[in-house]
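Read the structure below first, then the notes.
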Number of protein chains: 2
Amino acid sequence: MNLSIDVASGEKPLDELVNGAIGALSLNKDVNLILVGNEKDIVKSLSSLKYDKNRVDIKHSDSIIEMTETPAVAVKHKKNASVLVAARLVSDKKAEGFFSPGNTGATLAAALTEIGRLKGVMRPPLVSTLPKIGGEFCMMDMGANVDCTPDYMAQFAVMGRVFAKRYMNINNPRVALLNIGEEDSKGNATVKKYFERLEKMKKVNFIGNVEPNSMLKSDVADVVLADGFDGNIVLKSIEGSASLIVNMLKSEIKKNPLNMMGAVMMKSVFKNLKTQMSSDSYGSAILLGLNGGAFVGHGTTGGNGVKNAVLNMYKFLDAKINEKISKELLDSGVKRRIF
Amino acid sequence: MNLSIDVASGEKPLDELVNGAIGALSLNKDVNLILVGNEKDIVKSLSSLKYDKNRVDIKHSDSIIEMTETPAVAVKHKKNASVLVAARLVSDKKAEGFFSPGNTGATLAAALTEIGRLKGVMRPPLVSTLPKIGGEFCMMDMGANVDCTPDYMAQFAVMGRVFAKRYMNINNPRVALLNIGEEDSKGNATVKKYFERLEKMKKVNFIGNVEPNSMLKSDVADVVLADGFDGNIVLKSIEGSASLIVNMLKSEIKKNPLNMMGAVMMKSVFKNLKTQMSSDSYGSAILLGLNGGAFVGHGTTGGNGVKNAVLNMYKFLDAKINEKISKELLDSGVKRRIF
């Protein structure tokens with residue numbers, strides 16, 4: 001399976017990203033890579049690494065879309081920016097999926113314009129797996145569609161179910177709606193309409209509303225649905241809380257020498273916690289419902305993050321999730337509202 | 001200053017709440033208490049405590065609104081429930097403010113129906129102070145008004161400024177709008193309208209959008225505005241993240257004896273962290289813009305939480321924040337849109 005990786009537009013050095021991507025090759029023998037970025041820089045990075053040369057190609061791109069650029073404008077005018085080149089390899093059937101840790105909006109726009117939606121998909125949602133006490137769940141939309149309709153949400157439910165079954169190996173995933181209370185009547189006007197629509201669906205195991213605290217603290221839902229605005233608010237609240245708590249811990253530790261000794265003894269605890277909460281573990285999100293794989297990385301994605309993205313992208317594409325989504329949406333007759 | 005405290009409808013035992021309230025008396029000589037709940041139980045609780053009997057009254061109420069009851073219905077039919085009796089003491093001018101750790105919706109409803117809004121206030125917002133790296137900020141609305149209009153948001157800006165100045169002693173508070181990006185054009189349709197409205201305000205030091213991660217990680221804003229739906233989503237995401245991280249820490253610690261020894265040495269660190277993140281420190285929120293003080297506690301509020309609520313309520317009422325809000329809203333001619 002060929003995967004294209006934009007190693008040019010992240011915040012971390014190209015060297016680190018190339019290194020991470022190559023690291024995935026020994027862990028999965030079925031993966032081949034097309035690295036996208038400045039050819040000279042990539043060749044230089046690769047020269048110090050040991051790997052099977054038959055499994056790695058380079059596709060040159062000498063421009064990137066900066067983090068600060070407006071996605072819609074940049075995607076129109078920088079046709080050869082690394083993220084667009086990486087996505088185009090998918091539409092040209094040279095790769096099955098692409099990954100970019102660059103400007104999120106530009107990555108989404110590149111995926112939509114170059115790869116395009118599956119037939120029947122109204123709006124592709126961005127899905128992430130997130131940690132909860134004792135496991136994982138997935139949530140969508142994490143920010144691709146800030147304004148949604150009840151019908152989009154109904155499609156998200158179908159897509160989320162397929163994702164949870166095939167990617168997370170959950171047998172009969174419980175689908176819930178993000179809300180500020182559990183009761184059916186809770187929510188603002190928009191979310192109440194989502195609820196009414198979801199409640200009518202027979203086949204998606206819709207269990208009702210879930211609050212952000214319970215979805216993180218307990219095993220109540222496998223798929224949590226929200227529009228892209230609320231999903232992104234939750235994601236950024238979790239990220240901010242993690243930073244805040246780690247910072248509180250650090251300043252408490254500095255208060256006396258006994259704490260500091262204790263912290264040294266607990267070094268592995270903090271290291272593991274950092275790994276578990278880092279964007280390299282939970283940073284990349286998948287845009288569902290396209291004619292190919294589109295993995296969106298956090299700007300701070302490092303070598304480990306790229307390695308994980310490659311392995312996860314293989315897992316995602318190998319499970320034929322988009323193909324299954326296409327079938328289920330057609331079967332359920334989404335636009336005619338009969339599912 | 002007289003304050004009425006509903007000691008009956010929290011999740012913790014009445015004994016603990018009475019004990020906490022009495023604990024505030026020695027810390028502030030200007031506070032007198034009216035404890036609301038079953039008289040016999042309160043008398044029994046008080047019998048083991050040392051305090052100035054002239055400073056404590058009891059107001060009997062033999063029913064409570066349960067956590068599971070529908071607020072609007074319960075408030076209509078249980079006129080003598082503890083939370084309503086506590087609020088009524090404020091409208092009867094026997095107390096300047098009340099506190100309840102019971103059913104949040106019922107507490108809000110009790111405040112609105114018994115105490116009522118200040119002239120000119122469209123919708124009273126629920127405000128909370130929250131921790132950020134290196135300090136505190138305040139956020140509103142935390143859940144009282146799930147559907148808002150741009151004009152409500154404009155009033156929240158005025159009220160938030162007064163609160164931050166007088167309660168948090170911030171000289172020229174920076175007011176920001178909760179959003180998923182910093183750029184002016186970000187957000188869903190609703191939030192874009194809030195932005196347009198706030199941008200027109202001359203006197204509130206509106207600095208634009210703020211993301212949940214930056215508001216927690218950096219010192220960018222003093223007052224963060226959101227409608228009650230988004231505010232509540234953020235609050236519950238922070239709460240859930242804190243539980244998740246503490247749980248991850250605990251399971252990591254259990255993995256080996258060295259970690260456990262380290263954790264014992266760091267006991268004070270974990271204790272202080274727990275205090276800093278607990279609902280007893282950050283659990284109570286204030287409903288702004290009423291003809292009296294209304295403090296809404298978390299259901300899990302314990303003795304320390306009640307003590308803090310009493311002290312904070314004094315601070316809030318002593319600073320004449322509602323009086324100042326009333327003046328500023330009238331001065332700014334909110335309904336005629338000239339501020």
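The two residues B/Met248 and A/Pro131 make their nearest non-hydrogen contact at CE-CB, 3.8 Å. Of all heavy-atom pairs spanning B/Asn213 and A/Glu239, the tightest one is ND2-OE1, 3.4 Å.
Neither the backbone nor the side chain of B/Val246 comes within contact range of chain A, judged by heavy atoms closer than 4.5 Å. Using a 4.5 Å cut-off between heavy atoms, A/Asn179 touches chain B through backbone and side chain atoms alike.
Most heavy-atom pairs under 4.5 Å with chain B: of the set A/Val146, A/Ile253, A/Asn188, this distinction falls to A/Asn188. In terms of heavy-atom pairs under 4.5 Å with chain A, the best-connected choice from B/Thr70, B/Leu178, B/Ile133, B/Asn145 is B/Ile133. In terms of heavy-atom pairs under 4.5 Å with chain B, the best-connected choice from A/Gly143, A/Gly134, A/Gly187 is A/Gly187.
Taking OG from B/Ser243 and NZ from A/Lys132, the interatomic distance works out to 14.5 Å, rounded to the nearest 0.5 Å. Note that CD of B/Glu183 is 9.5 Å distant from OG1 of A/Thr68, once rounded to the nearest 0.5 Å. Taken to the nearest 0.5 Å, the CE atom of B/Met142 stands 11.5 Å off from the CD1 atom of A/Ile180. The distance from the OG atom of B/Ser237 to the CG atom of A/Leu216 is 6.5 Å, given to the nearest 0.5 Å.
Among residues 222-233 of chain A, the residues having any heavy atom closer than 4.5 Å to a heavy atom of chain B are, in sequence order, A/Phe229, A/Asp230, A/Asn232, A/Ile233.
Heavy-atom neighbours of B/Glu199 CD from other residues, nucleotides or ligands within 6.0 Å: above the threshold of 12. Within a 6.0 Å radius of NZ in B/Lys78, more than 12 heavy atoms belonging to other residues, nucleotides or ligands are found.
Between the side chain of B/Asp147 and the backbone N or O of A/Ala189, at least one donor-acceptor pair lies under 3.5 Å.
Among residues two or more places apart in sequence or in another chain, the salt bridge (Lys or Arg N to Asp or Glu O under 4.0 Å) test is passed with A/Lys186 by none.
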